[in-house]
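First up is the structure itself, then whatever we jot down about it.
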Amino acid sequence: MVSINCINKEEMLLVGCQDKKISSTPKEEKKFVYASKDDVMETLKRCEEWNSRARASRLVAAQARQHPQEFKEKMSSLSGQQGMRNVIPQERAAGSMEIPFKEGLIAQIKDGVEESMPSHLSQQLIYKEFQPIVNTNTQILGQQSRDILKTKIGEDVGDIPRYKEHTNVSYLLLPIYFHHEMHDMVEDEVFILKFVEPFLQVYVCEYLVDDIWWQVLVHLTGTGHGIVKQNLWPQNRGIDLCDISCCHRDIQVSLIFQLEMMLEARRTLPMAESKAHFLELMRENDVVVVSGETGCGKTTQVPQYILDDMIQSGLGGFCNIICTQPRRIAAISVAERVANERCEPLPGSHGSLVGYQVRLDNAQNPRTKLLFCTTGILLRKLVGDCDLENVSHIVIDEVHERSVLGDFLLIILRDLLERRSVNKSSKLKLILMSATVDASLFSHYFGDCPVITAKGRTHPVTTFFLEDVYNKIEYHLASDSLASLTTNPMPKKKVAKNIVDNSHGRQNLIKSGWGDEKILEEDIVNIHYDKNLYHAYNERTRQNLKNMNEEVIDYDLLEHLIQHIDENYEPGAILVFLPGMAEIQLLLDHLTSSRQFGGEASEWLLPLYSSIASSEQRKVFLSPPKNIRKIVVATNIAETSITIDDVVYVIDCGKHKENRYDPQRRMSSMVEAWISKANAKQRGGRAGRVRPGICFCLYTRYRYENLMHPFQVPEMLRVPLVELCLQIKALSLGDAASFLGKALEPPREESVCSAITTLYEVGALEGNEELTSLGYHLAKLPVDVRIGKMMLYGALFGCLAPVLTIAACLSHKSPFVSPKDEKYNAERAKLLLLSEKIDGGNGQNIASGQQSDHLLLVVAYNRWMKILKQVSMSTLLLIMFIRKFH
Ligand SMILES: Nc1ncnc2c1ncn2[C@@H]1O[C@H](COP(=O)(O)OP(=O)(O)OP(=O)(O)O)[C@@H](O)[C@H]1O
């Protein structure tokens with residue numbers, strides 16, 4: 001077996017020791033060598049490749065023969081040097097030269113103990129003081145070692161009934177020396193690790209000690225302390241070892257190699273360069289704003305820097321970091337990635353320091369030190385514990401999103417920071433992060449706190465705008481295309497402002513069929529078209545740009561582009577951004593019905609939107625079989641924080657759904673809108689995470705540079721504040737107007753007044769803004785207050801089923817469509833429906849013949865359900881077939 005203990009960054013001490021199984025290794029080869037780091041790495045690599053302990057052992061031994069004297073001198077000189085961590089003290093080093101590692105850096109207990117050794121035994125396999133263990137006999141543990149183990153385990157290892165010959169389980173004793181210079185830390189600790197696999201590739205080296213080995217220890221102890229200050233240990237100073245028992249089996253060679261690779265990858269991220277500066281700023285300030293290009297490592301690295309820093313300063317026990325993510329999928333996938341980078345088991349499982357919590361899914365354990373959660377979850381925590389006493393750090397990721405909840409949280413946190421800053425021992429630290437943040441705004445809000453900007457990005461992303469895409473794929477925008485202005489001519493002025501309700505205009509179809517496209521083109525021009533911008537582009541592209549209706553998504557173009565990428569570009573997944581579920585489904589229908597993406601390939605056409613169950617959402621992270629290209633079609637839930645590691649191509653349609661106030665219905669609803677530049681940057685950033693990527697924007701460069709807002713208008717300024725004011729009351733945060741006056745960008749006074757008035761009208765408030773019982777219940781329903789009240793009354797009056805149907809329809813958009821030329825027929829159909837019986841859920845007819853829009857919704861829904869039940873499977877298939885090929 002081989003262990004490596006390093007002397008400094010350039011040199012390592014290889015500890016070679018004969019393995020019982022390598023009977024061919026001559027005894028005299030049980031020597032210790034030092035070798036260059038490269039040699040060691042090379043050796044290990046070869047060991048890995050050969051997968052042969054015997055050969056590796058010989059290799060090590062051969063090196064030992066080459067440098068014995070040098071090694072001896074090096075050891076003596078280094079051990080005397082100040083500040084050298086993990087240098088083995090001179091007397092031990094000297095001793096070890098005489099009797100090769102008599103102290104036993106490594107001890108193997110006979111041939112091992114059965115894998116399924118009961119956890120109560122392995123739980124005790126650790127002791128605090130360094131006790132040299134003589135390992136002169138690799139077959140049977142030395143008597144001294146056995147005695148030590150006996151006192152720790154309470155049984156003679158030789159007597160363990162499950163202890164049997166010829167298993168692969170071994171124990172590794174690791175004296176930990178690297179805290180000598182930190183006098184308040186435990187000096188010599190010995191860990192005994194149980195390995196299922198041979199020791200051959202198990203090694204510790206100096207440059208790993210700081211990072212990897214430290215993490216191995218942290219991982220092993222599961223306490224988050226590693227070697228910790230004495231006063232942080234549980235009373236008996238024994239680490240609670242229940243975690244260790246579960247880790248042992250996993251701590252195989254691969255773990256250490258994996259850790260090493262991960263650390264190497266982490267060190268190359270742009271954020272790593274700013275690590276020291278960030279930690280310094282964080283120590284000196286309560287709030288720090290972190291910005292940096294997408295993919296530079298904010299989300300995955302910054303929380304870990306904090307965690308590691310706390311552990312290394314011996315404060316792991318006090319550390320409790322919460323990192324918020326705007327969406328569930330981000331919280332889960334980032335937690336998994338971070339656990340993976342630390343080579344920990346899955347988030348929340350036994351032995352992991354990382355966890356996540358989202359609605360309906362919670363992966364935490366009592367020792368979770370780094371929790372990823374959604375903003376809503378953190379707000380809920382604040383309801384239960386308004387001072388968040390146990391939380392040491394809060395990291396708010398993607399602060400640029402400016403959701404109502406996000407801005408609301410910032411008000412609460414600013415107050416909380418003030419309260420917590422009084423008590424110096426339990427100060428709260430807040431870190432705000434985003435790639436596209438308006439840093440000065442946030443910095444100013446938090447008392448001009450420092451801003452740190454990470455430079456550079458991981459991999460370059462090439463961006464093509466619509467004109468490039470048109471040119472590249474030689475696309476012809478047909479005049480009868482839904483995305484062409486010629487389809488539905490409108491007066492010039494209106495074209496750009498309205499979201500055009502396009503349909504196949506018969507007139508145009510006929511005209512274009514007769515080659516009359518020219519006539520149409522002359523009349524209708526995209527008002528954002530400026531011919532001077534497109535000299536370099538071909539005629540067809542210019543024609544397309546002139547005729548296109550920017551407000552309509554061109555599915556033909558999308559399909560063409562995806563096919564083009566699939567045929568002409570290197571392997572790599574494609575991520576398409578569309579505004580909503582319906583649009584996603586439409587594109588997927590288009591693709592599944594195509595020859596290229598139908599059949600087996602269609603299994604890798606993956607939708608991704610918020611209402612898909614988390615388990616389904618996770619499919620997007622899986623890898624497809626070779627020769628199949630994964631295509632993920634997503635809403636903006638894939639826009640921030642997440643890394644789908646095989647995504648190389650992003651297609652951005654430039655639209656999303658935004659919550660806006662609808663004055664007609666006096667309700668907020670989701671409308672389709674152009675994204676901001678910040679969103680566009682984030683979307684592009686999903687490519688180029690693990691290698692260079694390409695982003696195809698289906699909007700013009702002109703739009704990006706001149707028409708898109710730099711940031712989205714904060715949600716708090718564009719939606720009614722009724723629900724928010726209700727929450728403020730439910731959380732007893734005082735007068736709503738003054739509370740919201742403390743926001744980053746406070747809403748207008750009239751908006752707050754109007755919200756309060758609505759709450760009084762609904763009956764949620766009474767007296768001096770006091771919450772009523774109705775208000776209390778409404779605060780728990782995630783719907784508009786008026787709809788919530790209707791639902792509560794529906795339950796009270798025993799007609800919940802139809803009321804829920806109405807509530808669902810009102811919360812979403814109308815299920816009815818009335819095309820312009822079919823208006824009359826649509827109205828007639830509605831009237832006909834109204835003459836039907838309406839079932840109140842209990843078989844009663846609740847409103848036959850009533851002229852009510854709301855009851856009409858119930859009738860339509862019930863009819864639809866009835867048809868669904870009646871339609872046989874084959875009919876359904878037929879419908880699907882027709883839709884596909886229509
Ligand atoms: N699941 C993963 N698989 C592979 N690599 C990953 C994964 N997650 C992150 N990475 C790597 O880590 C890098 C940093 O990711 P991270 O999410 O921390 O960046 P970020 O700066 O927060 O980006 P953003 O602002 O876009 O959220 C990525 O560019 C990628 O190289």
Side-chain angles (χ1 to χ4, degrees), residues 258 261-275 278 289-308 321 323-327 329-344 346-347 354 356 370 372 395-401 431-439 452-461 572-573 575 577 608 617-623 630 632 634 636-648 650 652 677-693 695 711:
Q258 198 188 330
M261 277 164 54
M262 280 295 187
L263 277 173
E264 198 49 51
R266 289 178 58 196
R267 273 193 283 263
T268 60
L269 290 175
M271 195 62 220
E273 276 181 31
S274 312
K275 177 180 174 182
F278 163 72
V289 177
V290 180
S291 79
E293 281 285 345
T294 53
C296 75
K298 300 174 298 299
T299 310
T300 52
Q301 305 309 305
V302 170
Q304 290 195 76
Y305 295 162
I306 303 170
L307 177 62
D308 291 338
I321 308 162
C323 178
T324 67
Q325 293 295 323
R327 282 169 273 275
I329 186 171
I332 298 174
S333 64
V334 173
E336 284 173 352
R337 170 67 185 177
V338 169
N340 195 252
E341 283 187 2
R342 304 177 73 78
C343 288
E344 290 189 359
L346 283 177
V354 184
Y356 65 79
L370 171 52
F372 290 91
V395 184
I396 311 282
D397 201 3
E398 315 298 355
V399 271
H400 72 277
E401 291 216 351
I431 292 94
L432 307 170
M433 309 197 297
S434 170
T436 43
V437 72
D438 178 359
I452 181 167
T453 309
K455 300 271 178 306
R457 57 171 307 126
T458 332
H459 301 284
V461 176
L575 172 62
F577 284 101
L608 180 60
Q617 292 183 352
R618 293 157 78 107
K619 267 194 197 159
V620 301
F621 296 106
L622 302 178
S623 301
K630 180 167 86 184
V632 180
N636 56 358
I637 79 161
E639 191 172 291
T640 45
S641 296
I642 69 164
T643 297
I644 301 174
D645 63 2
D646 51 356
V647 165
V648 181
V650 164
D652 175 13
K677 273 188 193 167
N679 299 114
K681 252 179 139 179
Q682 288 284 352
R683 290 182 176 193
R686 297 311 107 192
R689 316 254 327 156
V690 288
R691 60 178 153 133
C695 177
F711 298 96

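Remember, it's 1-based here, ligands and their atoms both numbered in the order they're listed.
Between D645 and R689, none of the side-chain N atoms (NZ, or NE/NH1/NH2) sits under 4.0 Å from a carboxylate O, so this pair counts as no salt bridge. Under the 4.0 Å criterion applied to side-chain N and carboxylate O atoms, D308 and R342 are assigned as salt-bridge partners. Salt-bridge check for R266 with E341: passed, with a basic side-chain N closer than 4.0 Å to an acidic carboxylate O. A salt bridge does not link E639 with R327: none of the charged nitrogens is closer than 4.0 Å to a carboxylate oxygen.
Contact residues of ligand 1 (protein heavy atom closer than 4.0 angstrom to a ligand atom; sorted by chain and number): L269, E293, T294, G295, C296, G297, K298, T299, T300, R337, E398, A435, T458, S641, T643, D645, Q682, R686, R689, V690.
Expressed to the nearest 0.5 Å, how far CG of N636 lies from CD of E401 amounts to 7.0 Å.
Across all their heavy atoms, S333 and I642 have their closest contact at OG-CG2, 3.5 Å.
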